[in-house]
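Heads up: the structure comes next, in structure tokens.
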Amino acid sequence: MSKATKNDQYQIEKRWTKEALSEGWTALPNVLLLYQVRLKLKPQHVCVLMHLISYWWEDGRNPFPSTKTLADRIGIQTRQVRRYFEYLENEVELDIGNVKIKGLVKRIKRFDSNNSRASNEYDFANLILALKLLSIERNKAMSNLKQRKPEGK
């Protein structure tokens with residue numbers, strides 16, 4: 001993820017106000033929302049993903065909020081958050097073009113300095129790949145539509 005420039009921040013502040021952005025903001029590709037159904041995501045999965053993505057602050061460093069933190073923010077039980085992650089990690093199977101993708105988010109176990117369990121880390125590599133492939137597919141389809149000429153002309 002690249003850092004926002006002052007101009008980007010100014011544009012966002014013009015829309016949302018500086019006060020509304022005082023807690024930060026989250027960049028989210030529209031293709032995630034456009035292809036929610038194709039990605040086999042129900043609204044609750046998108047909600048959990050958006051909250052999880054809001055913790056992804058630096059490129060190269062995966063987010064690691066606890067399931068309790070996410071559950072509290074969303075207003076659901078931690079058990080439900082775990083079920084959603086189970087679905088996102090193991091049950092989503094996609095075939096985009098010639099690429100098969102199993103799971104959109106990968107949980108990575110973390111341990112603290114005492115070798116005790118810490119909150120999981122979440123890797124978005126498959127989600128990013130799926131969004132990239134869907135965007136490429138869409139752009140090709142749009143390009144083909146633009147290149148078509150009406151019959152008889």
Side-chain angles (χ1 to χ4, degrees), residues 1-13 15-16 18 20-143:
M1 248 162 61
S2 62
K3 293 193 178 192
T5 66
K6 258 195 177 325
N7 192 40
D8 293 336
Q9 185 67 28
Y10 175 72
Q11 292 297 319
I12 290 171
E13 282 179 6
R15 291 184 208 142
W16 291 103
K18 188 175 185 174
L21 297 174
S22 66
E23 295 294 323
W25 53 276
T26 301
L28 189 69
N30 285 342
V31 70
L32 174 62
L33 303 175
L34 290 170
Y35 288 104
Q36 172 183 335
V37 173
R38 181 118 181 250
L39 291 164
K40 301 179 181 176
L41 299 174
K42 293 181 179 173
Q44 57 269 32
H45 301 128
V46 174
C47 181
V48 169
L49 272 174
M50 289 190 319
H51 280 275
L52 182 58
I53 290 168
S54 77
Y55 284 93
W56 191 26
W57 303 321
E58 297 174 34
D59 184 31
R61 183 176 174 161
N62 294 329
F64 49 90
S66 70
T67 53
K68 180 175 179 0
T69 297
L70 292 171
D72 289 347
R73 278 180 82 176
I74 298 168
I76 60 177
Q77 299 295 313
T78 55
R79 184 175 178 191
Q80 194 63 46
V81 172
R82 285 189 197 101
R83 273 194 221 125
Y84 294 151
F85 281 132
E86 182 69 27
Y87 176 82
L88 292 168
E89 184 174 37
N90 297 313
E91 295 180 36
V92 176
E93 292 186 20
L94 304 171
D95 191 355
I96 305 170
N98 294 327
V99 179
K100 294 190 185 308
I101 298 172
K102 179 155 173 51
L104 294 176
V105 176
K106 181 179 178 187
R107 292 177 286 184
I108 302 167
K109 291 181 181 178
R110 290 186 333 125
F111 299 90
D112 64 18
S113 59
N114 297 327
N115 212 24
S116 298
R117 286 275 292 134
S119 60
N120 289 326
E121 182 177 321
Y122 300 92
D123 180 356
F124 296 119
N126 281 356
L127 175 62
I128 293 166
L129 175 61
L131 297 178
K132 178 181 177 178
L133 293 172
L134 287 169
S135 294
I136 290 169
E137 184 178 277
R138 179 181 168 92
N139 289 337
K140 281 183 185 176
M142 296 303 284
S143 178

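Counting only distance, with no hydrogens or angles, the side chain of Ser66 and the backbone of Ser119 share no donor-acceptor pair below 3.5 Å. Put simply, the side chain of Trp25 never gets that close to the backbone of Ser22: no donor and acceptor are under 3.5 Å apart. One N or O on the side chain of Ser54 and one on the backbone of His51 form a donor-acceptor pair closer than 3.5 Å.
In this structure Glu91 satisfies the salt bridge (Lys or Arg N to Asp or Glu O under 4.0 Å) test with no other residue, sequence neighbours excluded. Take Val99 and apply the side-chain contact (heavy atoms from CB on, under 4.5 Å) test, not counting sequence neighbours, and it matches Ile101, Leu129, Leu133. Here Val48 pairs with Ile74, Tyr84, Phe85 under the side-chain contact (heavy atoms from CB on, under 4.5 Å) rule; sequence neighbours left out. Ser135 is linked by a side chain to side chain donor-acceptor pair (under 3.5 Å) to nothing, counting only residues two or more places apart in sequence or in another chain. For Arg138, there are no side chain to side chain donor-acceptor pair (under 3.5 Å) partners two or more places apart in sequence or in a different chain. Legend: residues meeting side chain to side chain donor-acceptor pair (under 3.5 Å) with Asn30, ordered by chain and number and at least two apart, are absent. Not counting sequence neighbours, the partners of Lys109 by the side-chain contact (heavy atoms from CB on, under 4.5 Å) test are Phe111, Arg117, Asn120. Residues passing the salt bridge (Lys or Arg N to Asp or Glu O under 4.0 Å) test with Glu121: none are found, sequence neighbours excluded. Take Asp123 and apply the side chain to side chain donor-acceptor pair (under 3.5 Å) test, not counting sequence neighbours, and it matches no residue. Residues satisfying the side-chain contact (heavy atoms from CB on, under 4.5 Å) criterion with Asn114, sequence neighbours excluded, are Asp112, Ser116.
Between Tyr55 and Pro63, the shortest heavy-atom distance links the atoms O-CB, 3.5 Å. Between Val46 and Leu41, the shortest heavy-atom distance links the atoms CG2-CB, 3.9 Å. The two atoms that bring Leu127 and Leu32 nearest to each other are CD1-CD1, 4.1 Å, heavy atoms only. Closest approach of Tyr122 and Phe64 over heavy atoms only: CD1-CA, 4.4 Å.
Going from atom NZ of Lys100 over to atom CG of Leu94 covers 10.5 Å, rounded to the nearest 0.5 Å. Between the CD atom in Glu89 and the CG atom in Asn126 there is a gap of 10.0 Å [rounded to 0.5 Å]. Atoms CZ and CG, from Phe124 and Leu131 in turn, are 11.0 Å apart once rounded to the nearest 0.5 Å. Atoms CG and NZ, on Leu88 and Lys106 in that order, are 15.0 Å from each other to the nearest 0.5 Å. Rounded to the nearest 0.5 Å, atoms CG (Leu52) and OG1 (Thr26) are 10.5 Å apart. With values rounded to the nearest 0.5 angstrom, Leu21 atom CG is found 8.5 Å from Trp16 atom CH2.
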For this session: Assess whether side-chain contact (heavy atoms from CB on, under 4.5 Å) is satisfied between Leu39 and Val92, documenting all intermediate values.
Result: CA-CA 8 Å; Leu39 291 164; Val92 176; 5.9 Å; no
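A salt bridge links Lys102 to Glu93: one of the charged nitrogens lies within less than 4.0 Å of a carboxylate oxygen. Using a 4.0 Å cut-off between a side-chain N of Lys or Arg and a carboxylate O of Asp or Glu, Glu86 and Arg107 qualify as a salt bridge.
Among residues at least two apart or in separate chains, salt bridge (Lys or Arg N to Asp or Glu O under 4.0 Å) pairs with a member in residues 35-48 are Arg38-Glu137. Each salt bridge (Lys or Arg N to Asp or Glu O under 4.0 Å) pair with one or both residues in residues 62-76, not counting sequence neighbours, appears once here: Lys68-Asp72.
Considering Gln77, Arg82, Arg83 in turn, Arg83 is the only one that fulfils the side-chain hydrogen bond (donor to acceptor under 3.5 Å, both in side chains) rule with Gln80.
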